[in-house]
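Accompanying notes for the structure given below.
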Number of protein chains: 4
Amino acid sequence: MSESGSGGNAAKPRKHPRGGAERSAARRDAILAAALDEFAAAGFAATRIDDVARRAGVAKGTIYLYFRDKDALFHELVRSALSPIIAVLEQPPPGEITLRGLLGVLTQTFVREIFGTRRKDVIRLVLSEGPRFPSVAEFYYREVVARAVPAVRELLRRAVGPGAGGEALVTYPQLIVAPALVAVMWEALFDRFETLEVEGLMRAHCELLLRAVEVKGSGP
Amino acid sequence: MSESGSGGNAAKPRKHPRGGAERSAARRDAILAAALDEFAAAGFAATRIDDVARRAGVAKGTIYLYFRDKDALFHELVRSALSPIIAVLEQPPPGEITLRGLLGVLTQTFVREIFGTRRKDVIRLVLSEGPRFPSVAEFYYREVVARAVPAVRELLRRAVGPGAGGEALVTYPQLIVAPALVAVMWEALFDRFETLEVEGLMRAHCELLLRAVEVKGSGP
Amino acid sequence: MSESGSGGNAAKPRKHPRGGAERSAARRDAILAAALDEFAAAGFAATRIDDVARRAGVAKGTIYLYFRDKDALFHELVRSALSPIIAVLEQPPPGEITLRGLLGVLTQTFVREIFGTRRKDVIRLVLSEGPRFPSVAEFYYREVVARAVPAVRELLRRAVGPGAGGEALVTYPQLIVAPALVAVMWEALFDRFETLEVEGLMRAHCELLLRAVEVKGSGP
Amino acid sequence: MSESGSGGNAAKPRKHPRGGAERSAARRDAILAAALDEFAAAGFAATRIDDVARRAGVAKGTIYLYFRDKDALFHELVRSALSPIIAVLEQPPPGEITLRGLLGVLTQTFVREIFGTRRKDVIRLVLSEGPRFPSVAEFYYREVVARAVPAVRELLRRAVGPGAGGEALVTYPQLIVAPALVAVMWEALFDRFETLEVEGLMRAHCELLLRAVEVKGSGP
DNA sequence: GATGAATGAGGGTTCATTCAT
DNA sequence: TATGAATGAACCCTCATTCAT
């Protein structure tokens, strides 16, 4: 009920014999999409399975054909939303890198793949519900954070070159992601009061980093 | 919030300790402290009033003598924890300012007043539960964000001087706070897997900002 | 009970292809019947939903599938029990009327349709709980009293004829109903101490009225 | 909690030594008066001891110095309000009686002593809460009904004389009281929609009875 | 005696989960 | 497979009653 095993919440897709497999997968996706909508709007606890079912266009009981319980639904939601990103993190980094290029790619990727999609809500959900779902936090750490941090660190190392003054960044790659986090949270909480221009924010962030580091690395 | 101990708030003075008013205020604080512990650990919805009562060393019904309902308890928790910070934001800024000094003060204040206290958890709660408590989000925006952002912006303007290259920062003061947000979230979610050294993070952050901006302002 | 009236705003019996609808209506009726039993025995406030559920043979939560809350259950109880009577009040009165015939019909109707059924308890509940349920009192006034009083008055007018001495009755048709009220209350409160013979009471009442009025109208 | 013994709810006035006795009695009365107000307005169950205390101008705990519990308060309320009436019922009936005189006295007594006072509310409370308070119903039956019915019956017997046609009344003295009951209930429930003129109602009632009986008794 | 803060059992209501259809 | 009526454990909140002051 409160938490399943550490990480082993593999979905139980049950057998969907014959050609119903497609339909079945579509349903599963519809449920996940509906769950994201509802969880994002009201949080995990305040969302009723009934709401998810209604939004997904299925009956309440149907959800239990695809997910063991509400917790598993949440786990799968996070897992399925983040898998593509995880896959990206696995990719071997390209050969030549400049800091400007790296920051540009990271920023664009964030804006395009996360902030511009509903993954933004998944990230926020992970941050919000994490304390209640240690296994989700652990999954997110293991699959995303523990991979992204070293990966970015390695890319940075190559981008700023040995001896350059980017030690601060190399030591704390989190500094690169921080504004993205702010953007996600701001939009969810304060957008109705004051809009925060993400692209501007990220551009200003990159500009500052480039000044701080490139100056060092681009000496005469 | 007054001052609750680091971890154990078992306050069960069954006897006749003091005057009613003092005792009443102490009880209120004990309840708020207990509520913070519980809300921070499990989130608002998953916390039972009974748990708060037990941790505060009072009966369930007693909580309703001090707070109208669970929502009001949460509201008061946020309000009382953030009031001191709000008061600080009201203070007239000092006369002479350097960017280094400003960043140092902000960082130290953050570490001492927020990250080093349970206010860190309150901030995280506001971010987590905000979508479910529009009024809390609004309170936080109005009283904290909407004051802090312009205040920091103004201080920055004075610190970097006209014509200096700190426009990015002046336009997006959120960039200054971003790493603090990361620190708060990281500690709550990932600290058990990997520690994030806040002071180091903040120092690196400041270092980068100083390089990015001072270089501009101190050119030949 | 068993007969949900025509005018009842049923909660929502949900659709179920075949036998479901019947079963649903049966359940609704069972709950209403159980509620009447319990409310009549202990009053609205002292009755627990749990008791109603147990007596109806359903789970507590089931009641909330059929009625929004305890208040709505009470409202529906009154409404469904009184609808048939209201329907009768709508009927056009027959052509020729004698006072004896009128009193006989009214008495028999009362004994058969109210005193001989559990509607007697519903009436008593309305009287007892009315002050706490203004809307129930209003419903009862609008649908029953405000129709019955003029209807009886009109019938009386035709039965005693112009000039006859029945002005008292025509002005206060409540006098005709008064003993019925006494019968209902007496049975609920004092029957265990002393039985009140309803039929005798009503017969004596009619006899008195006939003597008082007919004497006037049938003088030599 | 739900019901005390048959009738033994004698108050426990505790000793109020010295001159405090008067003050004590006044307080007791104030509490009873407040209880009547509140019970009449909302019913027994929906009335909070806190409400009674506030209206009585005493602290909540004080009520428990005068009454064992909420039930006892209700018992005492009924008892104290009805005692004067009970006393009247004990009085030896006067010598010579006419039906007209009897009805006039009864009516005037009802209007003056009950309908014109808050005893009206007590009567209604007894009728409303009776099923939940068997001992109150029993008290009311024993002390009021079981005395009033035979008393009125005896008076009637003397008023209409042997052989007269008032057998109906003699057999069912309840018929005399019935309109009074209607008046009490009507006022509580329907007065806001339509006023029922008590005096007119009672006068019409008496008129009818006199016609029905005197005609018989005053033959040539 | 009076007070009213504190108590905690009790009950209305919700909602995740089950299961007969 | 899909459904949604039914279940009942859980939890918020109330309020009669107590008791330290």
Side-chain angles (χ1 to χ4, degrees), chain A residues 1 14-18 20 23-24 27 45-54 58-71 73, chain B residues 14-20 23-24 27 45-53 58-71 73, chain C residues 12-20 23-24 27 45-53 58-71 73, chain D residues 1 14-18 20 23-24 27 45-54 58-71 73:
Chain A
M1 175 66 44
R14 249 99 175 183
K15 298 196 174 177
H16 298 288
R18 280 180 292 182
R23 179 180 163 81
S24 178
R27 253 185 191 196
T47 293
R48 283 158 299 180
I49 286 287
D50 231 352
D51 298 333
V52 176
R54 195 171 307 115
V58 302
K60 198 171 9 171
T62 303
I63 291 180
Y64 289 86
L65 296 176
Y66 293 88
F67 304 94
R68 187 196 330 287
D69 55 21
K70 202 184 171 189
D71 280 35
L73 175 58
Chain B
R14 186 52 59 120
K15 290 276 183 173
H16 41 82
R18 255 157 304 195
R23 182 181 169 82
S24 180
R27 234 159 216 217
T47 293
R48 286 160 302 183
I49 285 288
D50 229 352
D51 296 334
V52 176
V58 302
K60 194 171 19 170
T62 302
I63 291 180
Y64 291 89
L65 294 177
Y66 292 89
F67 305 95
R68 188 190 325 287
D69 55 21
K70 203 185 173 187
D71 279 34
L73 175 57
Chain C
K12 22 173 150 170
R14 244 95 181 187
K15 57 175 179 182
H16 205 75
R18 261 159 296 190
R23 181 180 169 79
S24 181
R27 231 158 219 218
T47 293
R48 286 160 301 184
I49 286 287
D50 230 352
D51 297 334
V52 176
V58 302
K60 193 165 30 165
T62 302
I63 291 181
Y64 290 88
L65 294 178
Y66 292 89
F67 305 94
R68 187 189 328 283
D69 56 20
K70 203 185 174 189
D71 279 34
L73 175 58
Chain D
M1 175 67 45
R14 249 97 175 186
K15 297 196 175 177
H16 299 286
R18 280 181 293 182
R23 177 181 164 81
S24 178
R27 253 184 190 196
T47 294
R48 284 158 299 179
I49 287 287
D50 231 351
D51 298 332
V52 176
R54 195 170 308 114
V58 302
K60 198 170 13 170
T62 303
I63 291 180
Y64 289 86
L65 296 176
Y66 292 88
F67 304 94
R68 184 190 339 280
D69 55 22
K70 201 184 173 190
D71 280 35
L73 175 58

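Naming: A, B, ... by sequence-line order, numbering from 1 per chain.
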Interatomic distance where CD1 belongs to D:Ile63 and C1' belongs to F:dT18 [whole Å]: 14 Å
Could you give the CZ-to-P distance, from B:Arg48 to E:dT13, as a whole number of Å? 22 Å
Does E:dA2 have its OP1 or OP2 closer than 4.0 Å to a side-chain nitrogen or oxygen of D:Arg27? yes
Side chain of B:Leu65 only, heavy atoms from C-beta on: which candidate in E:dA6, F:dC13, E:dT13 is closest? E:dA6
Check whether any side-chain N or O of C:Tyr66 sits under 4.0 Å from OP1 or OP2 of F:dA6, and answer yes or no. yes
Between E:dA6 atom P and B:Phe67 atom CZ, what is the distance in whole Å? 12 Å
Which residue lies toward the 5' end of DNA chain E, C:Ala46 or B:Ala59, if each is placed at its nearest nucleotide? B:Ala59
Heavy-atom pair of closest approach, residues B:Thr62 and B:Arg27: CG2-NH1, 4.4 Å
Working to the nearest 0.5 Å, report the span between NZ of C:Lys60 and CD1 of C:Ile49. 9.0 Å
So, for C:Ala45 and D:Ala45, which heavy atoms are closest and what is the spacing to 0.1 Å? CB-CB, 3.1 Å
Atom pair distance, as rounded to whole Å: CZ in A:Arg68 and P in E:dT18: 11 Å
To the nearest Å, how far apart are D:Arg54 CZ and E:dT3 C1'? 14 Å
D:Lys60 has a side chain; which of E:dT7, E:dA5, E:dT17 sits nearest to it? E:dA5
Among F:dT3, E:dA2, F:dT18, find the nucleotide with the atom closest to the side chain of A:Thr62. F:dT3
In terms of heavy-atom contacts, C:Tyr64 and C:Asp69 come closest through CE2-CA, 4.0 Å
Specify the separation, in whole Å, of atom CZ of B:Arg23 and atom C1' of E:dA6. 9 Å
Does F:dC13 pair with anything, Watson-Crick or G-U wobble, both distances under 3.5 Å, and if so, with which nucleotide? E:dG10
Nucleotide F:dG4, atom P - distance to CG of A:Asp50 in whole Å: 10 Å
Go ahead and name the base partner of E:dA20; Watson-Crick or wobble counts if both distances stay under 3.5 Å, otherwise write none. F:dT3
Going by modelled atom types, is there a donor-acceptor pair between the base of E:dG11 and the side chain of C:Lys70 at under 3.5 Å? no
Quick note, C:Ile49 side chain, CB onward, closest among E:dG12, E:dT17, F:dT14 is E:dG12
B:Ala45 vs C:Gly61, nearer the 5' end of DNA chain F by closest nucleotide: C:Gly61
Considering only heavy side-chain atoms of B:Tyr64, the closest of F:dC12, F:dA2, F:dT3 is F:dC12
